[in-house]
Each structure stands twice: as structure tokens, then as C-alpha cells.
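What follows is a short report on a single structure.
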Amino acid sequence: MSENEQNSNVIELPISITVRELAEVLGTSPIDVIKNLMANGVMANINQEIDYDTAAIVSAEMGFEPTPQQVAEEKPEQMGEIPLWRQKLAEEDEEQLAPRPPVVSMLGHVDHGKTSLLDVIRHTSVASGEAGGITQHIGAYQAVHNGNPITFLDTPGHAAFTSMRARGAQGADIVVLVVAADDGVMPQTKEAISHARAAQVPMVVALNKIDKDNAVPEQVKQQLAEEGLVPDDWDGDTLVIPLSATENEGIEDLLEAILLIAGDMDIMANPSGEVFGTVIESEITKRQGVMATLLVQNGTLEVSDTVLANLAYGRIKAMFDFHGESIKEAGPSVPVSVMGLNEAPTAGDLFEIVKDEKEARRLVEERELDAERKASEASQALTLEELFARAQIGDVENLSLVIKADVQGSLEPIVASLEDMKSEGEQEIGVEIIHTGIGRITENDIMLASTSDAIVIGFNVGPDKVAKRMAEREGISIRRYKIIYHLINDVQKALQGMLDPVEKKILIGRAEVLAVFPSGKFDQVAGCRVQTGEIRRNALIRVVRDAKVIYEGEISSLKRHQEDVNEVRKGFECGIGLRGFSEFEEGDKLESYVIEEVTEF
């Protein structure tokens, strides 16, 4: 190979790059990049960022020679807005403030052992039973170390849960960054660092899996230092705690480090002040109805209080601690599950206490009107007529989806991952999310999908009986998933037109047998009237008797007034003979259908 040819294969890659951007650099399809990533054990969607090392592996396997891109030194990252609950806390009377337990958020890359570490700390199992080894929901738990309670927020580490990790950091006082000693700093590790910095909370690093033979703790510390987290044993100010969740080593040191940082922070609240906090999770159960997990951040929440969280409200009928034990009140930094809300609030919403349900309804009405006003203002730039005109000429074309999930914490990252998806090509096709919600797929969801030409997606939920029957009747596709990246991958394939075609039976007509006539020495033909659609000579047919299919096959003869015909339409009578079947009975139903290959999503 000549020197010029070698140089043509050299590409510069930045420290992080999206899958779409990498595909453009390599001059290939994003799907090819995604397939290569999957082969290397990395699940990523088209808009997801991957780090330099991952991008370099993909590039090398595609025949390129990657080199790091030389960039100018970046300015320090701008801090994010102060969370609303912290703003409200600043309004409390300083003389009434008292120390409260620290709230800790554990962030980290998938499979770095975050869930196993929490499992060891609170001596309960959440690592088993998680689909695909991924924590699907946010939870809140308390542990006690040397008489000091610590509240832990459990946030997933998979890339699809970026928004959930950000929310976890916003509600925390301290972030524990879990990094595997055998894997090092990964893309989601860097995202977690960004979230912690934006939330302006200190970090302690849990250097996990030090018991592994291929662990390289010093190399990982170097990677952390490059991200601005210089270890304390390198004369930095970031506590890096070596540990092994599987061997139960270093756990005590981690808890001590958390309490040490908390001791320098003045973590305070007013137990007798205004009650407010953050919604951690919500779900709808058959037995208990709406269950919301709340983290109290100021004041003392009590049973019979009326809670308002954005548009959700209700009087607390019962309250439970993280063990599931019934309690009457909960103070600052205590996570509780409550019953009594009229609908499931959105995880991350601020909750507060109002006088009664009448006051809550009044505030909800004001918020709904305000939301409608803002939505109206936002839509004035494009009228319905203009949108219709654009659709007519092909400028607007979307894959419409109705998405239902078991809990709000799953729904949010799914929506966040799908919202910006688009296909490649001359005419881009994007994702339009028509409706989202939690709970089973209902008749209303199917009706909405039918009027919007949408696909229904269920994550850990399925349709009820009425919805299932309606979907079959209306021809609405329902897709069910348990793993989020499978869902995202299928949507991306649908946008690119890469879903494998499947054979589908398309019903084109029905007829009823009115009489049976002999034909030849042994055969019989059926005298029929076509009730719906049409019966075609070249189509397939099935014989239904007592709601059971007793034969499927080809039509051997189709006649009208003794003349051979190719089709007979609704309302007309005809004679039908079938190849290999002649045991007709009066009242039999004949269904005519064709088989088509369709790419069904």
C-alpha cells in the first residue's frame, strides 16, 4: 500500500462522538456502526455519544487508522440551575434548621457493579430479577452506619437512562461514582460526572471490582484525573475508595467517606417548616392504585396531608417506609411510598403540601390553563392547515407511537431516547410520540392509535382483553418489550426500513354456504352468497365451522351462472369448489384471503 493510501485511511476522532457523526466520518451507514458496536457488546442508538476508545475500535475494524483529535483547552463546565427544592430551602428560617441525613445518588456505567454495591449496603436483593441485568426503575433506600442514617437513590447506569441519572444527581447531596477497576472510565461515567457537576454536588469514587485479576486501579485513577477527579492519594481532593461488592471489601470505608464528606457540608433542613420534596417514582398497581415514592426534603410529611405534585394530587391514605412498613410521618431525607393520589406524578417533580383537595384542584386548573396557553403560543407559528399542506407534499412524515410502560421511571428514558430519532436518506422520517402513559394498554390507547395511524408499544405491560380485541379488529400493531435497548433498536430499524418482512394473511372477503351440490362422481361444490368483500379465484380460502377452521387451501373452481369467473363481490351468489375438500355443510363460513410479505412494526 502506498503512503498516500495509508494517509487516506487516517481519521481524527474527538474524545466523544455520536453514532451518527461517526458513520459520517467513516462514510458508512449508522446501522453498520450500530451492528459493529453490538458485536463488541455496546448497545447504542443513533444519537448516543460513544467515547474515543469505542469509536477507535469500530473505526479500526472498518479499515481506518484512528488518531485523537487535537482540540483547544475547554473552559470549565457551566454549572446547571439550582434545583427548585434547594431554592425553597433557602427561604427557611436559619434558626429552625437542623442536620438531616445525607442523600446519596449512586451513578455509574452499566455493569460496573452499582446495583450489587447497593445490594451489599442494604442487605436486600435487587440485582436478581432485573431484565437484561439493567436496573429499570429508580428507588430510594436508607442504610445506617455507626448510628448515622444515609439515604441512597438508586439510578440506572445504562446509556438510555441519561435523564434519570440527571434527575438522581439533582436530588442528591453527594454522588458516589461507581467505576469498575477492570473497565475504567466509560461514556456513561463521563455523563455521570457532568450531571454531578451541573448539580453542584461533591463526588466520591467507589473503585469497584478490585478483586478481579485484570483490575488496573492505577490506570483507572489516571483516567479519573484526566476527567478532573484527582485521587486523594495523588494529592487531589477526590476520595477514591477501592472496594469489591462481591467480596464485601471496602464497604465500611465507603460509608465512612460519605459521612466524612457530609460532615463538612452543613446538610440541613427544617423538620417543622414547609413540607416539600421530590417525586422519586410512581406506578399504578391493581391492589393499591397509584403508589408514589416521595423523598421528603424539608418539613415532616404526615398521613392525611394533601399532596400536590404538578398535576397530580390527593390526600395521603397510607404511608410506608422502604421496608414496606406502615408509618404515620416522615421527616427530612426520608423516602416513603404513599397511597391516595388521583394519578401517577412524574418522577423528578417537586411535591408540596396544600390545605385540602379543593385547593389542590384549583391549583391544578390554573396550571393546566397555563400549560394550554403556552402550548397555544408555541403552535402559532405553524397552523393546522399549513401542517396538512406540508404533509400532502411529503415534507412531514413520521412514525407515530403510543407508548405505555409499567412505571414512570421506565417511560421517561424511553421517550427521551426516541424523541430525536430520524431515518437516513433523502426524506427523513422521524418519531412522533402521540401519547404516553403508565399502566396496561387500554381501549382508549387503541382508539387513539387507530385515529392517528400509530403503533402501540408496551414496556413491561400488555393490553387488557377489550384493548386486545379492538386492536385485532382495527388492525393496530402492539409491540411488547422488556429490554429498553431492544425497543430502541427495533424503532431505529423501522425508521431505516430494515425490519425483516413477515408473511401476513390479509382477509379480503367472506361467504356463507347456502346449499351443497354434487360435482362429478365424488366431489361437492358449495352454493354461497358473498357477505363481505370479494371471493377471488387466485386467493386462498379457509372453511370455518362452529368457530373452528377445518380446512385451508386453494379454490379449484369459482362459477357464477355456470360460467367461470375470477372474482365475485359482496351480495352476489356463486359456486365454489375447493382443491382437496368437499365435505361442505350448510352454514359453513368461507373466508378468502391472500398472503402478503409486510414489514410490520
Side-chain angles (χ1 to χ4, degrees), residues 85 136-141 153-155 163-164 167-168 171 275-297 299 301-330 334-368 371 402-415 435-445 448 458-464 466-467:
W85 69 270
Q136 304 288 354
H137 315 140
I138 281 185
Y141 317 91
L153 301 182
D154 179 14
T155 53
S163 59
M164 294 176 71
R167 190 176 63 236
V275 181
F276 56 83
T278 300
V279 177
I280 301 299
E281 184 56 275
S282 63
E283 62 180 326
I284 301 176
T285 65
K286 286 185 178 179
R287 289 184 57 191
Q288 298 166 310
V290 175
M291 293 293 294
T293 302
L294 310 178
L295 175 65
V296 182
Q297 290 166 311
L301 184 67
E302 299 178 356
V303 172
S304 79
D305 280 344
T306 300
V307 171
L308 173 64
N310 195 14
L311 302 181
Y313 67 90
R315 183 171 172 270
I316 297 178
K317 298 176 181 177
M319 187 158 59
F320 308 91
D321 65 13
F322 68 97
H323 289 302
E325 300 291 333
S326 178
I327 58 176
K328 297 297 183 184
E329 62 179 35
V334 176
V336 291
S337 292
V338 302
M339 291 174 54
L341 273 64
N342 67 326
E343 63 180 63
T346 301
D349 279 350
L350 179 83
F351 78 84
E352 53 194 324
I353 301 303
V354 295
K355 180 181 177 182
D356 51 31
E357 290 190 85
K358 182 180 179 180
E359 174 71 6
R361 284 192 292 270
R362 184 186 67 79
L363 290 170
V364 166
E365 288 174 2
E366 288 181 0
R367 292 174 181 181
E368 287 177 333
V402 171
I403 305 174
K404 297 296 288 290
D406 52 345
V407 293
Q408 190 73 34
S410 298
L411 184 62
E412 185 176 319
I414 292 171
V415 172
H435 173 69
T436 64
I438 60 176
R440 300 200 72 181
I441 297 166
T442 66
E443 182 181 11
N444 288 337
D445 298 320
L448 183 59
F459 183 77
N460 281 336
V461 296
D464 57 33
V466 176

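Both backbone and side-chain heavy atoms feed into the values below; hydrogens, waters and symmetry mates do not. None of these values were measured; they are calculated from a predicted model.
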- Which residues pass the side-chain contact (heavy atoms from CB on, under 4.5 Å) test with Tyr313, sequence neighbours left out? Leu308, Asn342, Glu357, Ala360, Arg361, Val364
- Query: Listed by chain and number, what are the side-chain contact (heavy atoms from CB on, under 4.5 Å) partners of Val334, not counting sequence neighbours?
  - Reply: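 For Val334 the side-chain contact (heavy atoms from CB on, under 4.5 Å) partners, ignoring immediate neighbours, are Gln142, Ala330, Val336.
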Say you draw a straight line from [atom1] of [X] to [atom2] of [Y]; how long is it, rounded to the nearest 0.5 Å?
{"X": "Glu412", "Y": "Thr436", "atom1": "CD", "atom2": "OG1", "result": "10.0 Å"}
{"X": "Gln297", "Y": "Thr278", "atom1": "CD", "atom2": "OG1", "result": "3.5 Å"}
{"X": "Asp356", "Y": "Asp305", "atom1": "CG", "atom2": "CG", "result": "12.0 Å"}
{"X": "Leu341", "Y": "Lys317", "atom1": "CG", "atom2": "NZ", "result": "10.0 Å"}
{"X": "Met291", "Y": "Met339", "atom1": "CE", "atom2": "CE", "result": "6.0 Å"}
{"X": "Met319", "Y": "Ser304", "atom1": "CE", "atom2": "OG", "result": "9.0 Å"}

Using every non-hydrogen atom in the two residues, find where [X] and [Y] come nearest and quote the distance to one decimal.
{"X": "Ile438", "Y": "Ala344", "result": "CD1-CB, 3.1 Å"}
{"X": "Leu295", "Y": "Phe351", "result": "O-CE2, 3.5 Å"}
{"X": "Pro413", "Y": "Gly409", "result": "CD-O, 3.1 Å"}

- Quick one: does Leu301's side chain get under 4.5 Å of Ile316's, heavy atoms only?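 Counting from C-beta outward, Leu301 and Ile316 do come under 4.5 Å.
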- Message: A side-chain contact here means heavy atoms from C-beta on lying under 4.5 Å apart; do Leu363 and Val354 qualify?
- Response: yes
- With sequence neighbours excluded, what pairs up with Thr442 under the side chain to side chain donor-acceptor pair (under 3.5 Å) test?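 Applying side chain to side chain donor-acceptor pair (under 3.5 Å) to Thr442 gives Asp445.
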- Sequence neighbours excluded, the answer for side chain to side chain donor-acceptor pair (under 3.5 Å) partners of Glu359 is Arg362
- Could you walk me through whether Val307 and Ile353 pass side-chain contact (heavy atoms from CB on, under 4.5 Å), step by step? CA-CA 5 Å; Val307 171; Ile353 301 303; 3.7 Å; yes
- State whether the side chain of Glu281 and the backbone N or O of Val407 hold a donor-acceptor pair below 3.5 Å, judged by distance alone.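 Looks like no, no N/O pair under 3.5 Å.
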- If only atom types and distance count, is the side chain of Ser282 paired as donor or acceptor with the main-chain N or O of Pro345 below 3.5 Å?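 Side chain of Ser282 to backbone of Pro345: a pair is present.
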- Arg440 meets the salt bridge (Lys or Arg N to Asp or Glu O under 4.0 Å) criterion, sequence neighbours left out, with none
- Query: Partners of Glu352 by salt bridge (Lys or Arg N to Asp or Glu O under 4.0 Å), sequence neighbours excluded?
  - Reply: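 Partners of Glu352 under the salt bridge (Lys or Arg N to Asp or Glu O under 4.0 Å) test: Arg367.
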- For the side-chain contact (heavy atoms from CB on, under 4.5 Å) test, which of Asp321, Ile327, Thr293, Leu294 pairs with Ser337? Thr293
